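Here's the structure we're looking at; comments come further down.
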Amino acid sequence: MAAWRSGFLDLLPAAALIADLGCGPGRDLAVFTHAGMAAVGIDLSEQMLRLAQAAGGRTAAGDIRRPPLKPAAFHGLWSNAALLHVPRPEVASTLRAWRSLLRNGGVLSLSTSLGDSEGWEAAPYRGDYPPPVPLRRWFVHHDRDDLLNIIEQAGFALLAVQEEQRRMTWLQVRAVATWIQ
Ligand SMILES: C[S@@+](CC[C@H](N)C(=O)[O-])C[C@H]1O[C@@H](n2cnc3c(N)ncnc32)[C@H](O)[C@@H]1O
């Protein structure tokens, strides 16, 4: 993760404007901020935003399917383990919305899970898992080639694609914004 994140930062200018889409508790947002970037984290969860702020990040509440951010303003978009919660019919429009936030030549770094299923899955976060009340999240796992095609159709050229095994198979994609539809 650290090497993948550094590779993203290396492609950006100093003090770049970065959005962390689905920032969660702000681990990556804090790294971007401490690296001197103008980073903002977007999340729907108020609790996650509070954690991200406590970690030193600047945040805004919003839906990553239509981020409440200025179009064509960003040098970089980072999204780790968040697109996997966007329902499949909304993935292409979400990627187009992300493309619209980037300047031409801006960089997208995306990490999401591979597979073919979509549905509720137990969230094994708590120490006392399984908890008395089931915790569930909506997961959408992607076919590698289908997702890469959607990313390209949204206006990106692929720079790097890699897979990593961590409980699930993760697809990490780095892509550059090429054209606006
Ligand atoms: C698995 S966590 C990943 C958090 C962080 N990126 C990380 O790597 O630790 C997924 C995050 O996406 C957020 N999320 C899911 N769907 C979202 C949506 N439609 N809009 C904004 N945030 C969303 C969740 O609230 C959660 O914080």
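Here the structure is a predicted model, which is why all the values come from computation and not from measurement. Read the numbers this way: they start at 1 and go in the same order the structure lists the ligands and their atoms.
Against a heavy-atom cut-off of under 4.0 Å, Gly62 is close to the following atoms of ligand 1: 20 (N), 21 (C). Of all the atoms in ligand 1, the ones that sit under 4.0 Å from a non-hydrogen atom of Ser45 are 25 (O). Ligand-side atoms of ligand 1 in range of Gly22: 4 (C), 5 (C), 6 (N), 11 (C), 12 (O), range being under 4.0 angstrom from any heavy atom. Counting the atoms of ligand 1 from 1 in the order shown, those under 4.0 Å from a heavy atom of Ala82 are 12 (O). Listed by number with element, the atoms of ligand 1 under 4.0 angstrom from any heavy atom of His85 are 1 (C), 10 (C), 15 (C), 16 (N). Counting atoms of ligand 1 from 1 in the listed order, those under 4.0 Å from a heavy atom of Arg137 are 1 (C).
Side-chain N/O atoms of Glu163 and Thr169 include no donor and acceptor closer than 3.5 Å. Between Gln165 and Trp170, the side chains place no donor N or O within less than 3.5 Å of an acceptor N or O (distance only, hydrogens not considered). With 3.5 Å as the limit, one finds no donor-acceptor pair spanning the side chains of Thr94 and Glu90. Of the N and O atoms on the side chains of Ser109 and Trp4, at least one donor lies less than 3.5 Å from an acceptor on the other residue.
Of the residues listed (Trp98, Phe156, Trp78), the one engaging Leu110 in a side-chain contact (heavy atoms from CB on, under 4.5 Å) is Trp98, and it is the only one. Each of Leu9, Leu29, Thr33 was scored for a side-chain contact (heavy atoms from CB on, under 4.5 Å) with Ile18, with one residue passing: Leu9.
The list of salt bridge (Lys or Arg N to Asp or Glu O under 4.0 Å) pairs with a residue in residues 66-79, not counting sequence neighbours, reads Asp63-Arg66.
Under a 4.0 Å heavy-atom criterion, Ser111 is not in contact with ligand 1. Residue contacts with ligand 1 leave out Val86, since none of its heavy atoms falls under 4.0 Å from the ligand.
The heavy atom nearest to atom 20 (N) of ligand 1, considering only Ile64, Leu21, Leu84, is found in Ile64. When Pro25, Ala81, Gly24 are checked for heavy-atom proximity to atom 3 (C) of ligand 1, Ala81 turns out nearest. Selection from Leu44, Leu83, Asp28, Asp63 by nearest heavy atom to atom 22 (N) of ligand 1 gives Leu44.
Only the backbone of Cys23 comes within 4.0 Å of ligand 1, judged by heavy-atom distances. Of all the heavy atoms of Met1, none lies under 4.0 Å from any atom of ligand 1, so neither backbone nor side chain is involved.
Taking the side-chain hydrogen bond (donor to acceptor under 3.5 Å, both in side chains) definition, one finds that His141 meets it with Ser113, Glu121, sequence neighbours left out.
Residue Asp43 has at least one N or O atom closer than 3.5 Å to an N or O atom of ligand 1. Checked by distance only, ligand 1 and Asn80 come closer than 3.5 Å through their nitrogen or oxygen atoms. Backbone and side-chain nitrogen or oxygen atoms of Met48 are examined, and none is located within less than 3.5 angstrom of a nitrogen or oxygen of ligand 1.
Atoms CD1 and CG, from Ile151 and Leu108 in turn, are 6.5 Å apart once rounded to the nearest 0.5 Å.
With Arg103 contributing its side chain and Ala73 its backbone, the two residues share a donor-acceptor pair below 3.5 Å.
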